[in-house]
Asker: 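To start, I am sharing the structure in question, which I have written as structure tokens.
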Amino acid sequence: MASGPTRTQSYGRINRNKPLSFSFNGRKLTGYTGDSLASALLANGIALVSRSFKYHRPRGIYSMGVDDPNALVTINTGSRTEPNTQATVVELSEGLTARSQNCWPSLEFDAMSINDNFSRFLAAGFYYKTFMGPTRKSWMFYEHFIRKAAGMGEATTQKDPDLYEKVHGFCDVMVVGGGPAGLAAAVAAARTGARVVLVEQSPDLGGGLLNTPANGEADRWIAEQVAILKAAENVRILTRCSVFGAYDHGSFGLVERVQDHVGPPQQAVLRQRMWIMRTGQAILATGALERPIVFGGNDLPGVMLASAARGYLNHYGVLAGKNIVIFTNNDGAYWAATELSRAGASVMLVDARPEAPAVARTPAENSGVVIQTGKAVAKAKGRKRVASVEVAPFDCETGNLCGTASAYKCDLLCVSGGWSPTLHLLGQRSSKPAYDDALAAFSPGAVVEDGFHVAGAANGKIATRDCVIDGQAKGLEAALACGFTEPKGSERLPALDLKDGWETPLRPVWEVCDRHGNSHRKAFVDLQHDVTVSDVALAHREGYVSVEHLKRYTTLGMASDQGKGANVIALALMAKHRGKSIPEVGVTTFRPPFTPVAAGALAGHETGPAIEPRRHTPMRQWHLNNGAEFIETGIWDRAWYYPKPGEDLEAAYIREARELRRSVGIVDVSTLGKIDVQGPDAAEFLNRIYVNGWKTLPVGRARYGVMLREDGMVFDDGTTTRLSEHHYFMTVTTAGAGAVMSHLEFLLQTCWTDLRVEVTSATDQWAAVAVSGPRARGLLSSIDSDIDFSNEGLPFMGAAEGTMAGLPVRVIRITFTGELGYEIYTPAGFGEALQEAVVAAGSAHDLLLCGIEALGALRVEKGHVAGSEITGRTTLDDLGLARMGSTKKPYVGQVLAQREALAAPERQQFVGLRPVDPSAVIKGGSILSEPNETPQGHGLGYVTAVAFSPVVGSTIGLGLLSGGRARKGTTVNVVDTVDDTIIAAHVTSPHFYDPDGEKARA
Amino acid sequence: MRIECPCCGLRDHREFEYGGDALRSRPALDDTGIDRWSDYVFLRRNPRGLHYEFWQHTDGCHQWIVVQRDTVSHEIVSVQLAADAPDAERSLGELKYG
Amino acid sequence: MPDPRSAPALVTTGAVELAAGLRCEENSISGLVLVSAWPDTADKVFGTVGKALKIGIPDDCRTTAGSDHATAFRIAPRRLMIVSQTPDLFSSLKGAVPCEDGSVSQQDHSRIRIRLTGPGAAALLSRGAPVDFDRSVFPAGTFAQTGIHHMWVLIHKIAEEPEAYDLYVLRSFALSFWQWLQESAHIATQTPMGREALAG
């Protein structure tokens, strides 16, 4: 390539001894260790990198950092494919593959670039105008095509093979940014003894100093500071780490790219680490971002920020052009011009201001830079890269050209429209930035939120020396705010002086208009989203004058770069249209993340099976050893059923349920919530929280109780046993345990502080088995025990403490199955031993192992309410439990349960359902409706639980049915809207089995 | 957010569960007034600014606490054990900001 | 009476080296009791407990107090968790504290204890616990109750060099917690530094 970028012999901070091979769009290329993908592409003469979002215009590399709107590529392949990645932030690694996106069939010839010719039909609000309102239906048809045409890279659908983790971090002072201000701040804070975390998003510390000539004063200063920080035990340095979010009370979100720079790994590696950092004070030394000036063709490949051209030379040793035009409105670009010229380029500098700075122009001119003042670039021309520019006299006051244009050939056009402090993190907080006329940018303003300090270029400082001094001051200030003191006898910290301040004020130039004040048709404000100056004007004409509306209507600033370069220009243009000042127009809200964050990093390792913990009963291993299948019930893993060879779930649970009623079964019920209630006021406490009375319950007896919520709905149920005068043992439902505990603690700690009662969770202390069936007594009596299991010794709802098979136990004679039953509790570590003892004795009594599927079926037969009926919308009366509510004492929920509407006869009530045709199957969740009617909306109610009942000889169901008790004896339609089937069912009592409870008392 | 638990010290909000408006006055248990109970159960202040609210330190000491928090800035002005902040005092707080 | 068995799966695992020099193993509990009292009886009850066990009672919810045979954690203003190797801890305390004055709850099987020892212990715990482990704020002899991966845990720092912690977790969560420790250590060490990663 005759013209175009080249790698210099000696410039830069890359390692020329370590070449790396990589590929771009299938082409094998070479770069060096220390390169970014962007610098390596430039060094290989590649200017055209991508196609734009909407118009598919050719685009190149625009900046050298996180603000680049253009150079989006897809890197890596297969499951590691990562689309929409800025080439400017990707570190080059051996074997890296990158490709262009949003182009077809190829980057060089993109068929969709025809969109560019129809751009006036695709202007701001195109989607809204075309597809909303009366024409909305057409969206359905066109969506597929539009999404395909206006797309970004394609994400992989394969599972992410890499690992992520989250770490909680703590420090006194966090310094964000490792440039001159950040390094100075970190050193100053560290000297006080404060715990300091220094975070830098790039691989190397130095920030903007790395864009100044290498091997000089700057590098020596950086090395000194880094040595001090690395030697300090109270400092942690995080490089390749981005602070993406600022949250309440000094909390920040950070992502550290642990191994993204190593190259495609062979196995699963820890790819990224998310830090949740809690800080005492935070120093934002986040620097400033150079912003462009808008003119015709400003998006062509080969148009680049001046600071980027300077950085590619000094950091990466790449001279990005041979014939360079630099267009500026400030002094900063003079350094770039001088250095690029010294490196061998022919450079013309076009300064929009009438006068060039006196001191800075001398070295520029001495190095051969041609300076033209009072002029502007009117237009960049070229096909797939800039080939020439039109330069014409320009009036800074009006922003209009005012003379005849001359054309100049060039292969690189550098632009500098000034510098905007990087205040995104501050903007995410309550602090609103203030407009600074001298900078023509937003700066931190007078009031900064407590706990935040802004230093260096982010604080509007220009000269390196000022940044260092500001950083030192803010570092000390932050440490003092944490309670540390300035170290005694400390000499002044040395400052770095690169003599790079501005002598002449910047003149704001946002857009170059023609002599009549008209914008160029292809002048882009937001390059990534293809938003032009005409789109901003159109939005204004159509009444979108608020900047928040402008943003959403035009999508300006909503691309992956979040308008880091574009936003302030858009505000200025809107201000001009409205005839107001920029501060009057206001700024849009900043939100996290500052830079894109991989979803994997946010998830950490909490994915797949590790997404949440599981709870296991003490007998888990025993169940596994004995062939149980397991089921997840909420957070618990429970034994579901114990299949015999050839049995499926249905066959197994029906067998288990049937045989239990014939002989005896054992079920692991360790998951029940258990609460230890102690204290002299325990009886009074129970009397208040349960609907039924507790004062008469004698020691050694248990009682079933129901709790209401404060609003009168049923909350939970269970059995509570009086172990001694002031000691009760409460059981609550597995699912409700946590909520009940919290509710009881709330009442005791906030309302009834005078009650002498203590509640303690004992769920994990006790293992429990339910042994029930006609042969239960015979079985238990055969185990060595000091407990009398006879009907007189341990009557229904009786309780006893003692030992069984040498194990300490509590036995409560209660049943969930309706059969003669006992719940046996033993300390959790003895759970397996208890299970083994019962099973060993059981062989002589036809004991069978029952899972919770069978237990659930038995409760459906028995018609007990459970979680599927205690929905938070059912009252005592709805569940047929109204007679339990005491009228002799007040209790939680009593008053609101008496609300008139809760007594309405049409409320859904608890009923049983039996299919008219015994071979028909009732399905859970079915909707109930009048016979011969298709249900409207929610129908008359729904089926809450179903099971096959060996006793009834068909499937049976429980349900909540409008006016259900009055409908007993009638039939309803059971409508399964999933399978689209309707069957008829008799409405019955929910108690299909032993309705008088004689078996349990036998 | 971070909350200074009176027992455990400054802790991350993820250790706590939210319990809502702490300025509600719970009617006496034997109060049979449906309106008063309705107000207590269903009415919540939702102020822009200072708010008293219940939190429970569920991953820590299990204590219910009353947190005085600015709903705009999330600044936490005070934290005390709910047991030490009886209804009367909370009502007093209510009077202060109406 | 048979020995209480370990929580699911831990018993067969034994000590595990999670990373270079970082070990975890179950450290079985023989006695664990929760003692609570009311506002006007707390001083009396806690004094009784201290006398019965010959230990001091901590004033705050961060510091432990104890002796070779018993440790007291004030896990709430009016609640103590006592861990002891003394036989019959529960019955001796139940006998010493009248039920009018306070509550004594036997919890010896409700929690399991895992001892984590070696360089990187705090770094590993920081993968889950939003707690500052810096020596200046979390010295040996102090504890914190917090949540790791949605599981309650009481972290007791028992030594500085080498770093060592006793972790109390609810028995039903023991297996998940054990898995969390191993998986987190595995992930943290999948770096060029390998098993040294946590210690560094």
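Only this structure's heavy atoms are used, side chains among them; waters, hydrogens and symmetry mates stay out. What you are looking at is a predicted structure, and each value in this text was computed from that prediction instead of being measured. A note on names: the letters A, B, ... follow the listed sequences, proteins ahead of strands, and every chain is numbered from 1.
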Asker: Less than 4.5 Å apart, side chain to side chain, heavy atoms only: is that true for A/Leu748 and B/Trp64?
Answerer: no

Asker: Check this for me: B/Asp39, atom CG, are more than 12 non-hydrogen atoms of other residues, nucleotides or ligands nearer than 6.0 Å?
Answerer: yes

Asker: So with a 6.0 Å cut-off around CZ of B/Arg44, is the heavy-atom count from everything else above 12?
Answerer: yes

Asker: To the nearest 0.5 Å, tell me how far A/Asp248 CG sits from B/Arg69 CZ.
Answerer: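 With rounding to 0.5 Å, CG (A/Asp248) is 8.5 Å from CZ (B/Arg69).
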
Asker: In terms of heavy-atom pairs under 4.5 Å with chain B, which of A/His168, A/Arg278, A/Gln898 leads?
Answerer: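 That would be A/Arg278.
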
Asker: Is B/Leu81 in contact with chain A via its backbone, its side chain, both, or neither, using a 4.5 Å heavy-atom distance?
Answerer: neither

Asker: Does any backbone or side-chain atom of B/Glu75 lie under 4.5 Å from a heavy atom of chain A? Answer side chain, backbone, both or neither.
Answerer: backbone

Asker: Is A/Tyr247 in contact with chain B via its backbone, its side chain, both, or neither, using a 4.5 Å heavy-atom distance?
Answerer: neither

Asker: About how many Å separate CG of B/Leu29 and CD of A/Gln894, when rounded to the nearest 0.5 Å?
Answerer: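 Rounded to the nearest 0.5 Å, the CD-CG separation comes out at 7.5 Å.
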
Asker: Sort B/Ser73 into side chain, backbone, both or neither according to what part of it lies under 4.5 angstrom from a heavy atom of chain A.
Answerer: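 Contact with chain A involves the backbone of B/Ser73 alone.
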
Asker: Would you give the length of the straight line joining atom CZ of B/Arg26 to atom OG1 of A/Thr750, rounded to the nearest 0.5 angstrom?
Answerer: 7.5 Å

Asker: Check whether any side-chain heavy atom of B/Leu10 lies under 4.5 Å from a side-chain heavy atom of A/His249, and answer yes or no.
Answerer: no

Asker: Can you name the closest pair of heavy atoms from A/Leu896 and B/Ile34 and give their distance?
Answerer: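 Shortest heavy-atom contact: CD2-O, 3.7 Å.
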
Asker: When you measure from the side chain of A/Gln749 to the backbone of B/His62, do you find a donor-acceptor pair of N or O atoms at a distance under 3.5 Å?
Answerer: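 Side chain of A/Gln749 to backbone of B/His62, a donor-acceptor pair under 3.5 Å: yes, one is there.
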
Asker: Return yes if a side-chain donor-acceptor contact under 3.5 Å exists between B/Gln56 and A/Ser742, otherwise no.
Answerer: yes

Asker: Heavy-atom cut-off 4.5 Å, strictly under: side chain, backbone, both or neither for A/Thr753 against chain B?
Answerer: side chain

Asker: Rounded to the nearest 0.5 Å, how far does OG1 of B/Thr58 lie from CE of A/Met741?
Answerer: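 So the gap between those two atoms works out to 12.0 Å.
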
